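Just below is one structure, and these are the notes that go with it.
Note that the coordinates shown come from a computational prediction; the quantities given were computed from them, not determined experimentally. Below, chain A is the first sequence line, B the second, and so on; all start at residue 1.
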Amino acid sequence: MSVRTRFAPSPSGHLHVGGARSALFCWAYAANHDGTLLLRIEDTDQKRSSDAASRGFLEDLAWLGLDWDEGPQWHGRGGGDTGPYEQSNRLDIYEKYLAQLIDSGHAYRAFETPEELAEARRAARQEKRAYRYDRAALDLDPDTVAAWVAQGRPFVVRFKVPGDAPIVIQDAVLGEVRVEPGELEDFIIRKADGFPTYHLAVVVDDQLMGVTHVIRGQEHLANSPKHALLQDALGFDRPIWAHVSLIFNPDGSKMSKRDKDKALRAEVRSKGIENPPEGAGIEADRWQAWLGDKTMQLETEEATRLAGLLGIQLPAINVDDFRRSGYLPEVLLNYLALLGWSPGGDREQFDLAFIRENFSLDRIVKSPAKFDRAKLLAFNLDAIQAMDDDQFVVRLQAFCQDFEPAFLEAMTTHQFKVFALANKARSKTFLDPIESGRFFVQGDDEIEWPLTKPLRKALCKGEPCGFDRLTAVRDILAEADSWTPEHLETILTTWAETHCEGNLGKVAQPIRVAVSGGSVSPPIFDTLEILGKDATLTRIDRCLSQRESMQESST
RNA sequence: GACCCCAUCGUCUAGUCAGGUCUAGGACAUCAGGUUUUCAUCCUGGGAACAGGGGUUCGAAUCCCCUUGGGGUCGCCA
């Protein structure tokens with residue numbers, strides 16, 4: 001039988017790194033076995049599902065290069081015979097199996113309200129008892145049930161957990177996992193709104209879609225016995241389960257899609273903000289609901305705006321966060337693969353083709369892993385350094401198109417190419433050249449020279465000082481008849497030979513400061529070429545015009 | 001709290017399933033030098049771990065048990 005794996009996210013925001021890793025493992029296992037990867041959208045929660053969110057997932061997966069064979073159709077991906085692949089479009093299917101379970105006595109209707117259940121849970125907690133549903137609905141006589149249903153009284157359907165034998169499941173990563181009878185309560189398989197719960201939908205869909213291997217995060221481990229029970233009751237096959245360990249934050253907590261909201265709530269509380277800040281675009285009642293419900297998530301845009309207003313940095317947990325931060329998809333994938341899996345031996349850097357060739361479930365690590373940004377960054381640097389020049393230019397260009405169009409608008413194609421290549425050796429991410437190169441796209445009159453320590457050192461200190469050298473070299477540059485890096489190098493090194501004892505830095509640094517307003521830039525000759533002669537001279541002149549006031553305040 | 005899962009350098013891991021070749025290997029981070037027109041690179045070198053206790057065995061990082069520690073789940077979320 002051919003291998004069929006599935007990645008089944010719920011569409012509640014962007015794809016987070018844990019989900020991305022599950023998707024990668026599903027992809028890799030299927031690819032390694034010439035099997036099929038299915039994508040299924042688990043949107044049975046009417047309160048939390050939105051179309052925009054599920055498209056975000058698709059885009060994230062596509063960016064990573066994790067293409068699905070079957071699933072929602074999107075830019076040439078997806079399709080297939082076992083759809084529909086959105087659970088909200090499969091309600092009639094679940095109804096059929098629900099009826100089967102009720103008819104066969106494996107499930108029953110229950111009429112307690114959510115409030116009643118919450119109260120029962122609270123009471124159990126107070127008495128330090130483990131709460132389990134008391135099966136009161138099982139005592140209802142059939143006529144009463146029929147009458148209540150006929151009246152339209154809301155009900156849920158619960159699965160009647162057999163109490164006789166331990167439930168033993170086999171896991172490809174963890175081995176045998178055993179749960180004693182009586183540990184599980186009669187869990188709900190259909191909600192009052194008519195939608196199935198996750199448990200029922202997953203079991204039915206996995207069977208109907210022919211899924212052979214379920215690779216998912218260990219937070220689902222406790223669900224598997226329930227699914228096994230449902231599968232047995234429905235006469236379904238059990239898939240092979242592989243529960244992958246969790247990904248942690250550096251502080252040891254679980255890396256969660258809710259971390260952004262958590263950070264925002266903490267900040268709001270610590271600042272004692274009671275109402276939604278002006279410009280956050282959040283309604284007052286929605287704000288209150290969000291503050292009071294730690295499972296509720298803001299939309300990405302709302303969260304980003306709010307973080308901006310509060311002046312805090314949101315934790316990077318989504319694939320999209322890393323994309324915007326200038327990481328390469330192949331590096332993120334490489335790093336994610338290493339988090340919880342290892343090909344054995346010393347090899348650490350590899351591509352998707354290598355993963356495809358070498359992936360196996362028995363090399364998945366059981367223990368949880370902390371997400372280490374520093375190592376990811378180091379890998380990204382290595383990948384950028386290994387890239388050939390043309391590719392770097394093209395990919396940086398694409399990055400700017402998506403996130404920093406100002407850099408493309410402000411430069412000619414040639415300037416951008418010089419800019420890119422001048423930055424390649426010093427970039428750890430695509431964002432590095434952008435952040436350190438803002439001065440390239442600023443107007444000449446926007447450059448300012450804050451009196452920081454490195455600026456003071458470059459301009460004011462020493463005898464002669466930077467200003468002196470700048471004044472002298474300004475006219476040399478003005479007379480340059482050619483403005484190429486090579487020619488500039490000749491002029492300036494020659495000048496440094498006679499005026500700075502051959503120490504190019506003595507003159508390069510003051511120029512760098514004058515044209516950039518900071519102490520950091522690409523190699524100086526490239527920098528000047530990108531700026532061009534006019535901008536260079538204008539900026540030097542403006543800088544020199546500040547000489548007096550800077551020297552005054554520096555003494 | 002109940003149930004379940006896990007345990008090698010600061011971090012990710014190799015080695016564990018088939019016990020000896022392990023005075024435990026690699027990578028990231030860190031520290032000390034060096035190269036460099038700034039930043040970033042780059043080069044050389046150093047320190048750094050088998051959670052603790054019991055077994056089994058000629059021999060245990062590797063097998064068993066207990067303790068401790070960490071984590072997950074306990075929703076009409078998935």
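- Rounded to whole Å, the C1' atom of B:rA60 lies 16 Å from the corresponding atom of B:rG52.
- Comparing B:rU16 with B:rU23, their P atoms sit 15 Å apart, to the nearest whole Å.
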Less than 3.5 Å apart, which donor and acceptor atoms pair up between the side chains of residues 499-508 of chain A and the rest of the protein, not counting sequence neighbours?
unit_1	atom_1	unit_2	atom_2	d
A:H499	ND1	A:W495	O	3.0
A:H499	ND1	A:W495	NE1	3.4
A:N503	OD1	A:G505	N	3.2

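- Within the 4.0 angstrom heavy-atom criterion, base atoms lie near A:A425.
- Rounding to whole angstrom units, CG of residue A:D382 and C1' of B:rC12 are separated by 15 Å.
- Across all strands shown, A:I524 has heavy atoms under 4.0 Å from base atoms, whether or not it also approaches the sugar-phosphate.
- A:G340 comes within contact range of the sugar-phosphate backbone alone, with a heavy-atom separation under 4.0 Å but no base atom that close.
- As a whole-Å value, the separation of A:I434 CD1 from B:rA40 P is 19 Å.
- Picking from B:rG15, B:rC77, B:rU13 the nucleotide with the shortest atom distance to the side chain of A:A369 gives B:rU13.
- At the heavy-atom level, A:E116 lies nowhere under 4.0 Å from the strands shown.
- Using modelled atom types, no side-chain atom of A:E127 and backbone atom of A:A124 make a donor-acceptor pair closer than 3.5 Å.
- The side chain of A:E219 sits closest to B:rU73 out of B:rC4, B:rC6, B:rU73.
- Relative to the side chain of A:K375, the nucleotides B:rC28, B:rC76, B:rA14 differ in distance, and B:rC28 lies closest.
- Nearest to the side-chain atoms of A:S367 among the listed nucleotides B:rU73, B:rC6, B:rC28 stands B:rC6.
- Comparing B:rA24 with B:rA51, their P atoms are spaced 15 Å from each other, to the whole Å.
- Cation-pi geometry between A:K370 and A:F248 is not met: the NZ or CZ atom fails to fall both under 6.0 Å from the ring centre and inside 45° of the normal.
- Using P as the reference atom, B:rU11 and B:rU68 are 22 Å apart when rounded to the nearest Å.
- With rounding to the nearest 0.5 angstrom, the OG atom of A:S325 is 8.5 Å from the CD atom of A:E435.
- In this structure, the nucleotide among B:rC76, B:rU37, B:rA78 sitting nearest to the side chain of A:A192 is B:rC76.
- For the pair A:Y131 OH and B:rC3 C1', the interatomic distance rounds to 17 Å; values are reported in whole Å.
- Within the 6.0 Å centre-distance limit, the rings of A:F419 and A:F440 are counted as a close aromatic pair.
- One finds no side-chain N or O of A:K128 lying less than 4.0 angstrom from the OP1 or OP2 phosphate oxygen of B:rA2.
- Here the rule is side chain to side chain contact (heavy atoms under 4.5 Å, CB included) with A:D60, and of A:H16, A:R55, A:H14 only A:H14 fits it.
- Scanning residues 500-511 of chain A for heavy-atom distances under 4.0 Å to RNA chain B yields A:L504, A:G505, A:A508, A:Q509.
- Residue order along RNA chain B, read from the 5' end via each residue's closest nucleotide, puts A:R426 first among A:R426 and A:H199.
- Rounded to an integer number of Å, the gap from A:L455 CG to B:rC39 P is 13 Å.
- A:T295 comes within 4.0 angstrom of a nucleotide base, judged by non-hydrogen atoms across all strands.
- As judged by a 4.0 angstrom heavy-atom cut-off over every strand, A:S521 is placed among the base-contacting residues.
- Separating the CG atom of A:D372 from the C1' atom of B:rC12 is a distance of 7 Å, rounded to the nearest angstrom.
- Among B:rC28, B:rU41, B:rU37, the nucleotide with an atom closest to any side-chain atom of A:F525 is B:rU37.
- Among the atoms of the strands shown, none is found under 4.0 Å from any heavy atom of A:F371.
- In this structure, A:N380 places its CG atom 14 Å from C1' of B:rU41, rounding to the nearest Å.
- Among the nucleotides B:rA78, B:rC4, B:rC76, the one closest to any side-chain atom of A:I188 is B:rC76.
- Using a 4.0 Å heavy-atom criterion, one finds that A:P522 contacts the bases of the nucleic acid, with or without backbone contacts as well.
- Listed candidates were B:rG71, B:rU38, B:rA78. Nearest to the side chain of A:H220 is B:rA78.
- If you check every strand for non-hydrogen atoms under 4.0 Å, A:K366 touches sugar and phosphate atoms only.
- A distance of 6.0 Å or more separates the ring centres of A:Y97 and A:H106.
- Taking the six-membered ring for Trp and thresholds of 30 and 60 degrees, A:F359 and A:F25 have ring planes inclined between 30 and 60 degrees apart.
- Taking atom C1' in both B:rU13 and B:rC6, the straight-line distance is 16 Å, to the nearest Å.
- Mapped onto RNA chain B by nearest heavy atom, A:R158 and A:R129 fall at different nucleotides, with A:R129 at the one closer to the 5' end.
- Under 3.5 Å, the side chain of A:E348 and the base of B:rG26 form at least one donor-acceptor pair of N or O atoms.
- Rounded to an integer number of Å, the gap from A:K254 NZ to B:rA78 P is 14 Å.
- Within 4.0 Å (heavy atoms only), A:R216 reaches no atom of the nucleic acid at all.
- A:T113 comes within 4.0 angstrom of a nucleotide base, judged by non-hydrogen atoms across all strands.
- Across all strands shown, A:R178 has heavy atoms under 4.0 Å from sugar-phosphate atoms exclusively, and none from any base.
- Nucleotides B:rU21 and B:rG59 place their P atoms 15 Å apart, quoted to the nearest Å.
- Checked against the 6.0 Å centroid criterion, the rings of A:F350 and A:F379 do not qualify as a close aromatic pair.
- The listed nucleotides are B:rC76, B:rA78, B:rU38; the one nearest the side chain of A:R121 is B:rC76.
- Taking the P atom of each, B:rC43 and B:rU35 are spaced 16 Å apart, rounded to whole Å.
- B:rA7: Watson-Crick or G-U partner is B:rU68, with both key distances under 3.5 Å.
- Without hydrogens or angle criteria, A:D261 side chain to A:L298 main chain gives a donor-acceptor distance under 3.5 Å.
- Taking the six-membered ring for Trp and thresholds of 30 and 60 degrees, A:F430 and A:F399 have ring planes inclined between 30 and 60 degrees apart.
- Aromatic ring centroids of A:Y108 and A:F159 lie 6.0 Å or more apart.
- Residue-level contact check: A:V177 touches the backbone only, with heavy atoms under 4.0 Å from sugar-phosphate atoms and none from bases.
- For the pair A:K370 and B:rG10, the criterion of a side-chain N or O lying under 4.0 Å from OP1 or OP2 is not met.
- Separating the P atom of B:rG47 from that of B:rG25 is a span of 11 Å, rounded to the nearest Å.
- Nucleotide B:rU73 forms a pair with B:rA2, judged by Watson-Crick or G-U wobble geometry with both contacts under 3.5 Å.
- As rounded to whole Å, 18 Å separates atom P of B:rC6 from atom CD1 of A:I247.
- With distances taken from any side-chain atom of A:L117 to the nucleotides B:rU73, B:rC76, B:rC5, the minimum falls on B:rC76.
- Note on A:P523: a base of the nucleic acid sits closer than 4.0 angstrom, heavy atoms only.
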